[in-house]
Amino acid sequence: MNDQRSAAEPAAAAVAVPEAVTALEGAGRSWADRRAALAPIALVVAGGLSVQFGSAVAALLMPKAGALGVVTLRLAAAALILLVICRPKLRGHSRADWGTVLAFGVAMGGMNTLFYLALDRIPLGIAVTLEVLGPLALSVFASRRLINVLWAGLALVGVVLLGGGGFDRLDPVGAAFALGAGAMWAAYIVFSARTGRRFPQADGLALAMVVAAVLSLPLGIIESGAKLTVPSTVALGAAVAVLSSVLPYTLELMALRRLPAPTFAVMMSLEPAIAAGAGFLILDQALSTTDALAIALVIGASIGAVRSRSGSAPRPEA
């Protein structure tokens, strides 16, 4: 009885006092607004966890199929899965729509190919730390604020530390591949956002994945040939496709419908830490103290860029 009376008291007060109704409605809206703001962030984090653990599984697959073979398996399997699930319509789209999908597919294919070539030469955590400079640069250029240039400088210090002062201890070709993947990642973010606005649900993603798969197919066949038809290799490739392409790209496409591309770009700062954890747990790739400090600097720079950008946004009038 006491519990029922206690539960009824706020409702009764709300009926008796109009201000109470307003307060209760305001509290409900505030909670709903917070959930709406956190939802795209949760999508990005979930996508990051999926893609980095998928990359760790892909690294285990490379000795069987090669870097380019893994890319082909991943993109081809992801394209088939998305085509079956989405069944995208081919009619009713403008030339601009198809141009956006084509650019998105090229960016996706280039990003994956360059990243896996890097992963074949340098540890996962370091590869992603170099790659994440692409999204960070996108955010800095988009914001055009001096403070973000300083954050970019801090990230550059982290990269120099990763290279031991001159990249002497890193494979220079692997580092170059990772930086190239970062540039393609920035393009991927831009065209993913545009594709999400032009196509319903994940239709644009499915079509772009087909473009990426077609571009990667000749490279995979040249490098791996008949290895791509081994059942166990195909099964692992399908698992990588789900973890590293289907699930994260879908989550990111949903997030980019509610987040500005530059804000999304700097949220990728979590990727190096996730990648380092995945590399340690699955690939037994331990990081040195210097590597950990370097990754922390890149992450800190990216978080600082996010905060400075959100702080500069105009506040809504009361």
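Reckoned from all heavy atoms, side chains included, excluding hydrogens, waters and symmetry mates. Start at 1 with the first residue, then count along the sequence.
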Using side-chain heavy atoms (C-beta onward) and a distance below 4.5 Å, is E131 in contact with M184? no
Just verifying a value: how many Å separate M108 CE and M209 CE, rounded to the nearest 0.5 Å? 4.5 Å
In short, A65 meets E223 closest at the heavy-atom pair O-OE1, 3.8 Å
Report whether V57 and L119 are members of the same hydrophobic cluster (ILVMFWY, side-chain heavy atoms less than 4.5 Å apart, transitive linking). yes
Let me confirm one number: the OG1-CZ distance from T113 to F177, rounded to the nearest 0.5 Å. 10.0 Å
If you round to the nearest 0.5 Å, how far is CG of L61 from CG of L73? 6.5 Å
What's the verdict on side-chain contact (heavy atoms from CB on, under 4.5 Å) for K64 and S224, showing C-alpha distance, side-chain angles and the deciding distance? CA-CA 9 Å; K64 296 182 178 181; S224 304; over 6 Å; no
Identify the heavy atoms of D120 and A67 that sit nearest to each other, and give their distance. CB-CB, 4.2 Å
dist D203:CG -> R87:CZ (nearest 0.5 Å) comes out at 12.0 Å
Closest contact, heavy atoms only, I221 versus L228: N-CD1, 4.2 Å
State, to 0.1 Å, how close G237 and A77 come at their nearest heavy-atom pair, and which atoms those are. O-CB, 4.4 Å
Among V84, L83, I85, exactly one meets side-chain contact (heavy atoms from CB on, under 4.5 Å) together with I81. Which residue is that? I85
If you look at every heavy atom in G105 and A212, which pair is closest and at what distance? O-CB, 3.4 Å
So how far is it from N112 CG to R74 CZ, rounded to the nearest 0.5 Å? 4.0 Å
So, T100 and D97: side-chain donor and acceptor under 3.5 Å apart, yes or no? no
Between S50 (side chain) and S244 (backbone), is there a donor-acceptor pair under 3.5 Å? no
Do L102 and L215 land in one hydrophobic cluster if side-chain heavy atoms of ILVMFWY residues count as linked below 4.5 Å? yes
Indicate if V246 and L207 have the same hydrophobic cluster label, given that clusters are the connected sets of ILVMFWY residues with side-chain heavy-atom separations under 4.5 angstrom. no
Verify the cluster assignment for L217 and L80: are they in a single hydrophobic cluster under the rule of side-chain heavy atoms below 4.5 Å apart? no
Give the cluster check for V242 versus V70: same hydrophobic cluster or not, with ILVMFWY residues linked at side-chain heavy-atom distances below 4.5 Å. yes
Kindly give the heavy-atom pair with the smallest separation between P248 and G47, and that separation in Å. CB-O, 3.4 Å
ring-ring contact (aromatic ring centres under 6.0 Å, His included): which pairs involve residues 63-117, sequence neighbours left out? H93-W98, H93-F199, F104-Y188
State, with a plain yes or no, whether a side-chain heavy atom of V173 is found less than 4.5 Å away from one of R121. yes
Contact check, side chains of Q201 and C86, non-hydrogen atoms, under 4.5 Å: no
When you look at L179 and L114, which way does the side-chain contact (heavy atoms from CB on, under 4.5 Å) test go after all the steps? CA-CA 9 Å; L179 292 172; L114 291 169; over 6 Å; no
Check which hydrophobic residues are tied to L251 through side-chain heavy-atom contacts below 4.5 Å, counting indirect links as well, and list them. L43, L247, M254
Please report the interatomic distance CG(L293) to OG1(T289), rounded to the nearest 0.5 Å. 9.0 Å
I'd like to know whether V234 forms a side-chain contact (heavy atoms from CB on, under 4.5 Å) with V230, so could you lay out the CA-CA distance, the side-chain angles of the two residues, the decisive distance to 0.1 Å, and finally the verdict. CA-CA 6 Å; V234 172; V230 176; 5.9 Å; no
